[in-house]
Amino acid sequence: MFKEKAQHYFLVMILLAVMVLVFLVVKPYIAIIAIAAALAVALRPVHNFIVKFIPSRGLAAFLATLVTILLILIPLATLGSLALNEAINAYHQVSSRASQIQPALADAQAYLDKLAPTIGFSVDINGTLAKIASWVVGNLDSLFSGLAQGIIGFLLTMFMLYYFFQDGHRFRQFFIDHSPLPDKEDIQIAERVERAINSVMRGSILIALMQGILTGAGFAIFGVPSPALWGSLAVIAALVPTLGTTLINIPGVIFLAATGHSGAAIGLAIWAGVAVGMVDNFLSPRLVARGTHMHPLVVLLSVIGGLELFGPVGFLIGPLVFSLFFSLLDIYFATSNGAKT
């Protein structure tokens, strides 16, 4: 008996040690795995539709992955092309009007100096531009290496997505079969996490796209140059907690005011606060909370905390962790009440 217990404890110790090693090996790719799994859940209807016509799960998974790549790359390529053309045009305009830049900057600085007592702080435009230029020059290597890492990460994500499409049902069943909880509760946990993934993925991406489109439309309506470029940047800025598209709209308002278009500046500020802000403050919490069944305040805290702990992918992992927590909490209380009765 003693020998059997010793063998059991020894096996458990080895298993725990190997689990730690496995975690350390997988740790650099947790974000990629999480994104691939989330995409597989969010795009499951696409995969299921393909499976109806193609019985081979491998071929169906390949086609679903190809559709996903097209869904991601085509909008990115379109927006990127528009943004690049507008950036090139803006560069040529700045180059051709180099002699007019300094007076315009001086006028903008004078306007901001007048606003300083009202807004409570001052802005040094020349100093800020110099810092931005020095940062760009000093971080060119990081920018290019980050781009290379992004391409590699995208390829790895698509590779993993293929296997999640092909074998996702097996992974789910493996969890149900080997969990010590009753199958009913395992299924409940899996369904709740899947609802959270659908809600966060579709909600966050949809909100970011809507805000980017509304920001670009506002810039086009009120006469800010390169609206497609700024609208594309607004899609990315929309994922930044608290600030969001304010990072894009405030410079647009300042530009219009500094160039003498006060009415347009006021109009853009109202547009940003009402149209764009309404999407972020009213629609976003409801789209995400609807699938997670969590209070909007909890959703906000989970997103901000997830970003702080896990980085950019935290906007997805944070709500999933909270959703899993509340799901386990519901099961615990249900089990405790059942045991009492």
Side-chain angles (χ1 to χ4, degrees), residues 79-80 82-136 204 206-285 300 304:
L79 289 175
L82 291 173
L84 180 61
N85 288 334
E86 290 190 350
I88 293 173
N89 292 334
Y91 172 79
H92 288 312
Q93 290 178 6
V94 170
S95 299
S96 62
R97 300 178 182 179
S99 60
Q100 303 174 8
I101 293 178
Q102 197 59 39
L105 290 178
D107 293 340
Q109 185 65 61
Y111 181 80
L112 290 175
D113 290 340
K114 291 181 181 179
L115 287 179
T118 303
I119 62 179
F121 61 90
S122 59
V123 179
D124 181 9
I125 294 179
N126 288 325
T128 301
L129 290 176
K131 290 179 180 178
I132 293 174
S134 63
W135 180 88
V136 171
S204 298
L206 179 62
I207 292 300
L209 289 174
M210 290 177 63
Q211 288 186 305
I213 292 171
L214 288 173
T215 298
F219 277 37
I221 292 171
F222 295 103
V224 178
S226 306
L229 173 62
W230 297 113
S232 302
L233 295 176
V235 174
I236 301 173
L239 298 175
V240 178
T242 306
L243 297 177
T245 52
T246 305
L247 295 170
I248 304 299
N249 285 306
I250 286 182
V253 172
I254 293 176
F255 169 81
L256 290 174
T259 53
H261 301 85
S262 301
I266 295 173
L268 180 59
I270 295 174
W271 175 272
V274 176
V276 182
M278 183 182 66
V279 171
D280 187 36
N281 298 321
F282 178 78
L283 192 57
S284 179
L300 177 63
I304 295 175

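Only a predicted model underlies this, so the values are computations on that prediction, with no experimental measurement involved.
Taking all atoms of both residues into account, the shortest heavy-atom contact from Ala257 to Ala265 is N-CB, 3.7 Å. A pairwise comparison of heavy atoms in Gly252 and Leu268 identifies C-CD2, 3.7 Å as the closest pair.
With sequence neighbours excluded, the residues that form a side-chain contact (heavy atoms from CB on, under 4.5 Å) with Ile266 are Ile270. Looking at residues two or more places apart in sequence or on another chain, you find no side-chain contact (heavy atoms from CB on, under 4.5 Å) involving Ile213. Ala264 meets the side-chain contact (heavy atoms from CB on, under 4.5 Å) test with Phe222, Leu256, His261; sequence neighbours excluded.
Thr215 places none of its side-chain heavy atoms less than 4.5 Å from the side chain of Trp271.
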